[in-house]
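The block underneath contains the structure these notes are about, expressed in structure tokens.
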2 protein chains.
Amino acid sequence: MNINPKKISNPQLKEQEFSINHQKLIDATIETIAKRGLADTTIAQVAKKAMVSQGYANFRFKSKENLLLSSLKFLSDEYKNSWQKIFEDNNLDPVGRIIKIIENDFSSKIASRNKIAVWVSFYSEVKFRPSYLTICQKQDEIYSSQMEKLIKELNFLTDQTFLTPREISETYLSMVDGLWQRILFDPKIYSHVFCKGLIKKYFKNIYTDEKRFV
Amino acid sequence: MNINPKKISNPQLKEQEFSINHQKLIDATIETIAKRGLADTTIAQVAKKAMVSQGYANFRFKSKENLLLSSLKFLSDEYKNSWQKIFEDNNLDPVGRIIKIIENDFSSKIASRNKIAVWVSFYSEVKFRPSYLTICQKQDEIYSSQMEKLIKELNFLTDQTFLTPREISETYLSMVDGLWQRILFDPKIYSHVFCKGLIKKYFKNIYTDEKRFV
DNA sequence: TTTTGTATTGAATAATCATTCAATATGGGT
DNA sequence: ACCCATATTGAATGATTATTCAATACAAAA
């Protein structure tokens with residue numbers, strides 16, 4: 001009797017199955033990092049959660065480090081795709097665009113506790129800082145400069161001149177980082193609704209006449 | 001010939017020496033966490049930096065975990081002492097107090113990269129969350145509520161009614177967390193001067209008539 | 001001088017894990 | 001039915017590291 005049958009390889013499903021196992025491992029990694037922390041994430045646990053053998057996980061991703069970084073890359077791409085769509089959407093005016101950006105930054109897809117836990121883990125683990133920069137710096141810079149450009153338009157439209165676009169965008173970005181961190185600690189208080197409301201209120205206070213910042 | 005002579009115990013210096021070794025180990029722990037990260041901080045490295053033997057470090061602090069948490073406790077107390085003085089200083093009016101608070105949060109004593117690295121490491125390492133809460137939650141709550149009270153006075157004095165004290169203090173606290181994180185990545189851009197300026201500008205925008213928010 | 005108690009060392013132990021790799025399973029081609 | 005290529009397993013290996021503890025050094029007391 002075969003207790004642990006090897007997985008059946010099916011050429012027709014080969015590509016898909018590659019993806020499935022690949023993605024299953026990445027999802028399992030994200031879950032494990034969120035539950036145990038980056039330091040205590042072991043290949044054995046990830047493999048178990050993904051329901052493949054430990055040897056296989058290592059074989060597929062070459063090394064633990066590569067598995068971890070692949071998970072970061074996945075989140076980074078997912079995030080980038082979501083805000084890029086908003087910046088490229090020609091149907092939006094500046095205010096509508098900013099509101100979409102805020103809503104995206106605290107959407108359940110982007111700002112889930114599991115995913116935030118991964119971001120924060122990589123931020124804070126010195127060992128991964130160079131890799132983090134390689135994977136995310138470019139996109140962080142683009143996001144940051146797009147925000148600033150967007151706020152420049154908004155300032156122009158509203159005759160707001162006291163705060164510079166740079167100041168407003170830096171404030172926004174810091175707040176997002178800070179709130180994400182707080183979501184991890186106390187998701188009850190720092191609900192997505194609360195965070196979005198806080199940030200919209202910040203903008204409402206700057207652009208007083210704009211009704212859409214609730 | 002005695003290559004590694006044992007440390008001489010001197011009863012007159014006993015108390016002091018206790019403190020010295022204790023503090024040397026805590027300082028070494030902070031440095032090591034900042035340089036290597038919480039996960040890769042080994043007792044051997046800390047002991048080496050503190051110039052005591054590995055066995056001694058373990059003996060003194062009972063366990064690695066206790067050494068790490070003692071370092072967090074040290075920072076937590078240091079931080080609390082510094083803001084407590086400001087809240088208790090009767091010579092300050094609300095605006096002066098807030099300015100002192102901002103300056104303290106980005107002083108070189110409190111917001112050094114090494115110390116921020118330790119805070120952020122403990123924030124983000126799930127394993128330490130319960131211990132973090134035990135050590136810091138109380139003080140975090142007091143800090144938060146003192147801030148809110150302070151801003152309530154300020155709103156009252158200035159007839160500012162659009163933003164609630166809660167909103168302003170939550171925004172302030174999130175920004176501080178976010179900026180601290182950014183100081184770790186890019187201390188050139190996120191200098192103490194830049195961070196303080198950004199936050200003062202935030203307040204200046206709310207309390208327009210107050211000249212002291214530079 | 002000898003004894004005693006405390007401070008400190010450093011080597012041994014044991015646990016945890018990433019990584020490797022030989023063995024096995026499977027399905028398609030022949 | 002047999003062979004081959006590929007997918008997958010799981011046990012063995014080796015490295016790292018917290019923790020323990022017997023041995024040592026020293027100062028003060030006797």
Side-chain angles (χ1 to χ4, degrees), chain A residues 1-25 28-29 32-33 35-71 125 127-128 131, chain B residues 1-25 28-29 32-33 35-71 125 127-128 131:
Chain A
M1 187 155 56
N2 201 342
I3 299 189
N4 273 27
K6 311 273 166 162
K7 297 286 166 57
I8 297 163
S9 85
N10 178 342
Q12 287 183 299
L13 288 178
K14 209 172 163 187
E15 264 314 304
Q16 194 192 348
E17 187 152 356
F18 176 88
S19 299
I20 286 176
N21 272 348
H22 188 90
Q23 193 58 39
K24 269 205 307 191
L25 277 163
T29 304
T32 306
I33 292 175
K35 189 190 280 184
R36 312 233 183 205
L38 204 46
D40 292 338
T41 291
T42 67
I43 295 227
Q45 284 156 3
V46 172
K48 192 177 171 193
K49 200 179 287 265
M51 290 188 297
V52 300
S53 71
Q54 178 172 356
Y56 181 70
N58 217 278
F59 166 79
R60 252 305 164 70
F61 282 89
K62 300 283 193 298
S63 71
K64 181 189 179 184
E65 172 155 333
N66 188 45
L67 171 59
L68 296 176
L69 293 177
S70 299
S71 305
E125 196 59 59
K127 180 169 63 175
F128 287 111
S131 314
Chain B
M1 186 156 54
N2 201 340
I3 299 188
N4 273 27
K6 311 273 166 159
K7 298 284 165 58
I8 297 163
S9 84
N10 179 341
Q12 288 184 300
L13 288 177
K14 209 171 162 189
E15 263 314 304
Q16 194 191 348
E17 187 153 352
F18 176 89
S19 298
I20 287 176
N21 272 349
H22 188 91
Q23 193 57 41
K24 269 204 309 191
L25 277 162
T29 304
T32 307
I33 292 174
K35 190 191 279 185
R36 311 232 183 206
L38 207 45
D40 291 336
T41 291
T42 67
I43 296 227
Q45 284 156 4
V46 171
K48 191 177 171 193
K49 199 179 289 264
M51 291 189 297
V52 299
S53 72
Q54 179 173 354
Y56 182 70
N58 217 278
F59 167 77
R60 252 306 164 70
F61 283 88
K62 301 283 193 299
S63 71
K64 181 190 178 184
E65 172 155 333
N66 188 45
L67 171 60
L68 297 176
L69 293 177
S70 299
S71 306
E125 195 59 59
K127 180 169 58 174
F128 288 109
S131 314

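A quick note: this is a predicted structure, and the numbers were derived from the prediction, not measured. Labels below follow one simple rule: chain letters A, B, ... track the order of the sequence lines, proteins then strands, and each chain is numbered from 1.
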Length of the line joining B:M51:CE and C:dA7:P, which is rounded to integer Å: 20 Å

message: Tell me the interatomic distance from A:F59, atom CZ, to C:dC21, atom P, rounded to whole angstroms.
response: 13 Å

field: Between P of C:dC17 and CG of A:L38, the distance in whole Å
entry: 14 Å

task: Dump the intermediate steps for side-chain contact (heavy atoms from CB on, under 4.5 Å) on B:F61 and B:I43, then the final yes or no.
output: CA-CA 11 Å; B:F61 283 88; B:I43 296 227; over 6 Å; no

- prompt: What closest approach, in Å, do B:E125 and A:R36 show between heavy atoms, and which atom pair accounts for it?
  reply: OE2-O, 3.9 Å

Just the table, please: protein N/O against nucleotides 13-18 of chain D N/O, every pair under 3.5 Å.
{"residue": "D:dA18", "atom": "OP1", "partner": "B:K64", "partner atom": "NZ", "Å": "2.8"}
{"residue": "D:dA18", "atom": "OP2", "partner": "B:I43", "partner atom": "N", "Å": "3.1"}

task: Rounded off to whole Å, could you give me the OH-to-C1' distance for the A:Y56 and D:dA11 pair?
output: 19 Å

For A:E65 against A:S131, the heavy-atom pair lying closest together: OE2-OG, 4.2 Å

- request: Could you state the atom-to-atom distance from CZ of B:R60 to P of D:dT20 in whole Å?
  value: 17 Å

field: Greater than 12 external heavy atoms within 6.0 Å of A:K48's NZ
entry: no

message: Whole angstroms only, please: what is the NZ-C1' distance between A:K62 and C:dC21?
response: 15 Å

- request: Mind calculating the distance between CG (A:L68) and C1' (C:dC17) to the nearest angstrom?
  value: 13 Å

- prompt: Can you name the nearest heavy-atom pair linking B:A57 to B:A47, along with the distance?
  reply: CB-CB, 4.1 Å

query: Got B:L67 and B:K64 here, is their nearest side-chain heavy-atom distance under 4.5 Å?
result: no

